[in-house]
Amino acid sequence: MTEAATPQSVLVPLTEAAIFLVVTVDEGGEDVARELLADLSGLTRAVGFRSLEDSLTCVAGIGAGAWPRVVGGDAPSGLHPFREIAGRKHTAVATPGDLLFHLRARRMDLCFELATLISGRLAGAVTVVDEVQGFRYFDQRDLLGFVDGTENPTGAGAAAAVLSDEPGFEGASYVIVQKYLHDMDAWNALPTEEQERVIGRRKLSDVELSDAEQPANSHVALTTITDDDGEEREILRDNMPFGRPGAGEFGTYFVGYAAHPDVTEQMLVNMFVGRPPGNYDRILNFSVAVTGGLFYVPTVDALDGLADPPSPTPATDASLNVGSLRRSDAS
Ligand code: HEM
C-alpha cells in the first residue's frame, strides 16, 4: 500500500504578498523545466527557512501543452487548455501558459528572492508571458473595496474542495488564473448601494444581501453553484490586488483551486454567459479579463519524482524518457 502523497501548499492561510509567474517552455527547454520542477521544494526551503515565520510557499502548475513535453505519460483527466468562454458582452480569454508559479509569503522580499532563483534557473529555457506582484489590501479587500475571500471553504471542506481523488492523481489539484483590470472611474461613479448589488454583499460590514435583496446577476449569486443533490460546489480562492496607480492600472489577480476544473469553469460560464444566458455577472462591466490559464497542480512527491525519471528505455517514443507525475510512480 502506498503512503498518501503530500499536496503542494494549496491549503495555506491568505498571505500579505504573492507573485504569479506564468511561462511558456521554449523548444528544447523541457529538461531545464523538468529539473527546476524537481528542485522546487528544495529551493523553496532554502529561501523560506531563513524566515520560517513568514510562511513562504510556492505552488507549481503544469499546463496541458507542457504535459507531454515536460512530464509525459497519462495525463490527469481534468487537464486541458483553458477554454475561452465568450458571452454576448464579455469574454474570458485564453492566453498562453505552460507553467504557473504561485508564490506566497507574509513578506514580498521572500517571494521576490524565490522568483529570482526560479527565473534564473529557467533563463534561456522559457519565455515569461506574465508576471504579477500582488499585495494584500486593507482588511482583505480587493481594489473594488469589497472584502474578498469570505466564503472560502475551510478545514476539511477546503481539502475536499481542492484535492483530487482520481486514481493515480490523488492529492493533486487544478488551478485557474485570470488577470482582471478594473475600470475604477466607472466603478467609483456607482453609489455604494449599487456596488453592493453588483457584488451581492454589504461593502462595509461584508454581510451577504438577503435572498430578497440579492439580484440574480450579482457576483455572489452567479458564483454560488450546487450539484444535482443540492450540495454546494466550492473552490478555494486567493485573489490578490495588484496595480500601478501612476499608470492608471488597478487589478485583481483571480486564482481558484479545485479538485476538478469543471467547478471553476461552471462559475465562469455563469459569470460570462449568464445564468440563464444573458444574465451575466455585473462585475464584468467594471472588470476585463486579460489573461486566462488552467494548470494541473501535482503533489510534492510527484514533482520531486521528476528528478528520477524511469530508466530511459532505448525506444523511439520520447515520452518514455520522462518521469511521470502519477502518484504510484512517485511513491
Ligand atoms: C465571492 C470578488 C472573480 C468566484 C466574491 C466576493 C468578492 C469577490 C468581493 C465576496 C466575498 C467572498 O466570499 O469572497 C471578485 C473579484 C473578481 C472575482 C474582484 C475579479 C474581478 C471571480 C471568479 C470566480 C469567482 C473569476 C470563479 C470563477 C467566487 C466565489 C465566491 C466569490 C465562488 C463566493 C460565493 C459565495 O459562496 O458566496 N468574489 N471575484 N470570483 N467569488 Fe469572486
Side-chain angles (χ1 to χ4, degrees), residues 14 20 82-85 87 90-94 132 134 136-154 157-158 161-162 174-184 186-187 190 192 195-211 213-227 230-243 249-275 280-294:
L14 302 183
F20 301 90
F82 182 80
R83 299 176 183 133
E84 177 176 296
I85 298 169
H90 303 290
T91 299
V93 293
V132 170
R136 193 64 62 196
Y137 199 44
F138 301 106
D139 41 73
Q140 329 280 5
R141 292 175 192 270
D142 52 45
L143 295 184
L144 300 179
F146 282 76
V147 177
D148 195 347
T150 315
E151 294 298 340
N152 261 333
T154 54
V162 300
Y174 295 87
V175 61
I176 286 182
V177 291
Q178 289 180 297
K179 182 159 117 177
Y180 285 90
L181 297 178
H182 301 302
D183 179 346
M184 292 308 292
W187 179 251
L190 275 193
T192 300
Q195 293 180 350
E196 292 176 337
R197 288 168 52 78
V198 172
I199 300 295
R201 301 183 78 95
R202 294 282 171 223
K203 194 169 184 181
L204 180 63
S205 68
D206 188 31
V207 172
E208 190 170 342
L209 301 190
S210 68
D211 289 351
E213 296 168 308
Q214 188 70 259
N217 63 353
S218 79
H219 182 58
V220 161
L222 289 168
T223 52
T224 303
I225 60 171
T226 51
D227 63 17
E231 282 288 314
E232 207 167 307
R233 305 192 74 197
E234 296 187 300
I235 62 172
L236 188 67
R237 296 164 286 129
D238 192 354
N239 294 353
M240 287 304 251
F242 67 90
E249 182 187 89
F250 297 88
T252 297
Y253 201 96
F254 165 79
V255 52
Y257 288 96
H260 199 280
D262 64 357
V263 185
T264 321
E265 288 169 331
Q266 182 60 59
M267 293 174 181
L268 286 172
V269 168
N270 290 357
M271 286 177 66
F272 284 82
V273 176
R275 182 181 64 187
Y280 66 84
D281 193 329
R282 268 183 86 195
I283 206 174
L284 300 177
N285 290 345
F286 309 92
S287 319
V288 180
V290 294
T291 70
L294 186 160

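Atoms within a ligand are numbered from 1 in the order they appear, just like the ligands themselves.
- When hydrogens are left out, the protein atom nearest atom 19 (C) of ligand 1 is Asp142 OD2, 3.5 Å; that is the closest non-hydrogen contact.
- If you number the atoms of ligand 1 from 1 as listed, the ones under 4.0 Å from a heavy atom of Gln178 come out as 26 (C).
- Taking CD of Glu208 as the reference point, atom CD of Glu151 lies at 6.0 Å (rounded to 0.5 Å).
- Protein nitrogen, oxygen and sulfur atoms, that is N, O or S, within less than 2.8 Å of atom 43 (Fe) of ligand 1 amount to 1.
- Remark: minimum distance from atom 12 (C) of ligand 1 to any protein heavy atom is reached at Thr150 N, 3.3 Å.
- Nearest heavy atoms, Ala94 versus Glu84: CB-N, 4.1 Å.
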**Item:** Trace of the salt bridge (charged side-chain N to carboxylate O under 4.0 Å, His left out) decision for Asp238 with Arg136
**Value:** CA-CA 10 Å; Asp238 192 354; Arg136 193 64 62 196; 2.8 Å; yes
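- Summary of contacts: the protein heavy atom closest to atom 11 (C) of ligand 1 is Val147 O, 3.3 Å.
- Residues Val198 and Asp281 come closest through the heavy atom pair O-OD1, 4.5 Å.
- Counting protein heavy atoms only, atom 20 (C) of ligand 1 is closest to Tyr180 CD1, 3.6 Å.
- Heavy-atom minimum distance, His260 versus Tyr174: CA-CD1, 3.8 Å.
- Using a 4.0 Å heavy-atom cutoff, Glu265 is absent from the residues neighbouring ligand 1.
- The shortest heavy-atom distance from Gly256 to ligand 1 is not under 4.0 Å.
- Per-residue contacts place Thr252 under 4.0 angstrom from the following atoms of ligand 1 (heavy atoms of the residue considered): 19 (C).
- In this structure, Arg141 has no heavy atom closer than 4.0 Å to ligand 1.
- Between Tyr180 and Ser287, the shortest heavy-atom contact is CD2-CB, 3.9 Å.
- Here the CG atom belonging to Asn217 is positioned 6.5 Å from the CG atom belonging to Leu222, to the nearest 0.5 angstrom.
- Minimum interatomic distance between Gly256 and Ile235 (heavy atoms only, all atoms of both residues): CA-CD1, 4.4 Å.
- Within ligand 1, the atoms closer than 4.0 Å to a non-hydrogen atom of Glu232 are 37 (O), numbered from 1 in the order shown.
- Residue-ligand proximity, Leu268 to ligand 1, at heavy-atom distances under 4.0 Å covers atoms 26 (C), 28 (C).
- For atom 10 (C) of ligand 1, the closest non-hydrogen atom on the protein side is Arg201 CD, 3.4 Å.
- Of the candidates Glu151, His182, Arg233, it is Glu151 that places a heavy atom closest to atom 13 (O) of ligand 1.
- Counting only heavy atoms of the protein, atom 14 (O) of ligand 1 lies nearest to Gly149 N, 2.5 Å.
- Rounding to the nearest 0.5 angstrom, the gap separating the CG atom in Leu209 from the CZ atom in Arg197 is 8.0 Å.
- Ligand 1 lies out of reach of Glu234, whose nearest heavy atom is not under 4.0 Å from it.
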**Verdict with supporting geometry, Asp262 and Gln266, side chain to side chain contact (heavy atoms under 4.5 Å, CB included)** = CA-CA 6 Å; Asp262 64 357; Gln266 182 60 59; over 6 Å; no
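- The number of heavy-atom neighbours closer than 6.0 Å to CG of Asp139, taken from other residues, nucleotides and ligands shown, is above 12.
- Heavy-atom proximity to Met267, at under 4.0 Å, picks out these atoms of ligand 1: 27 (C), 28 (C), 33 (C).
- Ring geometry for Phe20 versus Tyr253: interplanar angle under 30°, hence parallel rather than tilted (30 to 60°).
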**Asked** So Asp227 and Arg233, salt bridge (charged side-chain N to carboxylate O under 4.0 Å, His left out) or not? Walk me through it.
**Response** CA-CA 6 Å; Asp227 63 17; Arg233 305 192 74 197; 5.6 Å; no
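- Close approach of ligand 1 to Thr264 is summarised as follows: ligand atoms under 4.0 Å from at least one heavy atom of the residue are 28 (C).
- In this structure, Arg83 CZ and Leu294 CG are separated by 8.5 Å, a value rounded to the nearest 0.5 Å.
- With a 4.0 Å cut-off on non-hydrogen atoms, Thr224 touches ligand 1 through its side chain and not its backbone.
- Nearest heavy atoms, Gln214 versus Ala221: CG-CB, 4.3 Å.
- Applying the 4.0 Å criterion to heavy atoms of Phe146 picks out, from ligand 1, the atoms 9 (C).
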